[in-house]
Engineer: 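I am attaching a structure below and will ask some questions about it afterwards.
Note on naming: letters A, B, ... go to the chains in the order of the sequence lines (proteins, then strands), and numbering restarts at 1 for each one.
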Amino acid sequence: MNSGIDLQGSFIEALKELGLPSGVARAVWLPLPMLLMIIGATVGVLVVVWLERKISAAAQQRIGPEYAGPLGVLQPVADGIKLVFKEDVVTAKADRWLFTMGPVLVVVPVFLSYLIVPFGQNIVITDLNVGIFLWIALSSIAPIGLLMAGYASNNKYSLLGGLRAAAQSISYEIPLALSVLAIAMMSNSLSTVDIVQQQSGYGILGWNVWRQPVGFIIFWIAALAECERLPFDLPEAEEEIVAGYQTEYAGMKFALFYLGSYVNLVLSALVFAVLYLGGWEFIVPLDHVAEWLNMTGWVEVSTTTPWLQVITAALGITMTLLKAYFLVFLAILLRWTVPRVRIDQLLNLGWKFLLPVSLANLLITAALKLAFPVAFGG
Amino acid sequence: MFKILKQVQEYAKESVQAAKYIGQGLSVTFDHMRRRPITVQYPYEKLIPSERYRGRIHYEFDKCISCEVCVRVCPINLPVVDWEFDKKAKKKKLKHYSIDFGVCIFCGNCVEYCPTNCLSMTEEYELASYDRHELNYDNVALGRLPYKVTQDPMVTPLRELAYLPKGVMDPHDLPADSKRAGKRPEEILEETSSE
């Protein structure tokens, strides 16, 4: 199979032709995808914040933001600018260093995790062979930052929020990792690109949802808990503990937490789309469409035709984003449907339901893989 | 052995049921998204208060006979009636009258009992001010006519739900002559008098 569009290769080749040595060409290329990813993630957050407000409004028969830009699309930008210009308050007896480090430790790993999100065969920053493992590892740094922020604030609500966040993240990490493990076992790889490759070829029928329905649900619940989305938003439950670990934060530091939580939501949706919904794959396999076009003789195409490659790449990015935003929509809808769980219910669900079910799911997947190696990735 | 199996079965059943209920809830939320927003975009659109709305109190200085009934029926004796007995005319001479709307609960007892009808309720409800002492209205402020939502060129007046025609839920873009559901008081009066 052809690997599709190769931006890095073409860019470096073009620079070499201009007379640059290959080392310099590589160095010029290096910051570009990173910058693009950071900008992309931030814009993604703006879109999600707008969507969240608009969909919430629609679910409650309100209008939502309307005056900032057409349909209020500039509202998140206005929010951000407002937060940037606010005073940076540090409470009197807070631990200044840890207080500042907290939000940074929460945000940086989330942005770092975007390294492994693929939008196409070559449209990924690094195709690490431990890709999905890196995501799990990085996502367990965030609770340290939350705990740090909660403890350093020198406020009982913050501390409670921080402790809750840590407890929640730790207990939902395990079912999350186990359901990812089942996928990794079926794909024989931890690399996100390989995981999508293994789902390709049969269009919508090849996606992992059909082979891992239980894992799909467990992963979704655990991902919601990791993002502290509504049925599991105890760490910042405003009726009980004001704003949890964010209570003492204002201005830019609060904005970092806010940004972090939404980036994390988008990231989880993207990873979810990659793991279970076939990543950049279209509903029908594109290779077959190209072949069929050749057969009918309308147009002469092969997998190396430039315009086909561009279309495939664009379609891949669109499909990944569409799937991710569908999941975000589902999360927002869930937010207005499900009431918040208590802390004991949360831990019960995590340890007594999700953990055994995900273990059973893993074992059954292993058994099926041995029994039907054709369908379950022998 | 069978007991455990039964427990597992029940647990599975409960989980499926929980999932079903969450699905039902999701469909309700999803259905709400296609419904029309009920928002009244406040400074630009305002609801027309109903005719029995108890807003700021209007007061006519010249009608007042300083009987102080309003003070007696007030739960907290709020109205301040400042009068002096005019010995020549053998009448009370009213000097000042004031009500502090920062303390008033808008119960309407004073309006109800005023023997000369010099007190009345208006439909004005936007009394906010930067200083609470500004809420203490004297007889001049109390005598100002209320401003009407329907006469403000900046505001789109909207009818309240009970004043919409039958079956209509949206107060926007109603035809001007549309009647509300049910009979108007004068129609009921006409019917009863003709019988």
Engineer: Mind checking what makes side chain to side chain contact (heavy atoms under 4.5 Å, CB included) contact with A/L363, not counting sequence neighbours?
Structural biologist: none
Engineer: Run the side-chain hydrogen bond (donor to acceptor under 3.5 Å, both in side chains) test against A/Q246 and tell me which residues pass, sequence neighbours left out.
Structural biologist: none
Engineer: For A/L370, does the CG atom have more than 12 heavy-atom neighbours from other residues, nucleotides or ligands under 6.0 Å away?
Structural biologist: yes
Engineer: To see if you've got the definition right, give the donor-acceptor pairs under 3.5 angstrom between chain A and chain B.
Structural biologist:
{"from": "A/Q61", "atom 1": "O", "to": "B/I38", "atom 2": "N", "distance (Å)": "3.0"}
{"from": "A/I63", "atom 1": "N", "to": "B/T39", "atom 2": "OG1", "distance (Å)": "3.4"}
{"from": "A/E66", "atom 1": "OE1", "to": "B/Q41", "atom 2": "NE2", "distance (Å)": "2.7"}
{"from": "A/T337", "atom 1": "OG1", "to": "B/T29", "atom 2": "OG1", "distance (Å)": "2.7"}

Engineer: Go through the atoms of A/I217 and report whether side chain, backbone, both or neither lie under 4.5 Å from a heavy atom of chain B.
Structural biologist: neither
Engineer: Side-chain donor-acceptor contacts of residues 320-328 of chain A below 3.5 Å, not counting sequence neighbours, with atom names and distances?
Structural biologist:
{"from": "A/T320", "atom 1": "OG1", "to": "A/G316", "atom 2": "O", "distance (Å)": "2.6"}
{"from": "A/K323", "atom 1": "NZ", "to": "A/L277", "atom 2": "O", "distance (Å)": "2.7"}
{"from": "A/K323", "atom 1": "NZ", "to": "A/G279", "atom 2": "O", "distance (Å)": "2.8"}
{"from": "A/K323", "atom 1": "NZ", "to": "A/E281", "atom 2": "O", "distance (Å)": "2.8"}
{"from": "A/Y325", "atom 1": "OH", "to": "A/G44", "atom 2": "O", "distance (Å)": "3.3"}

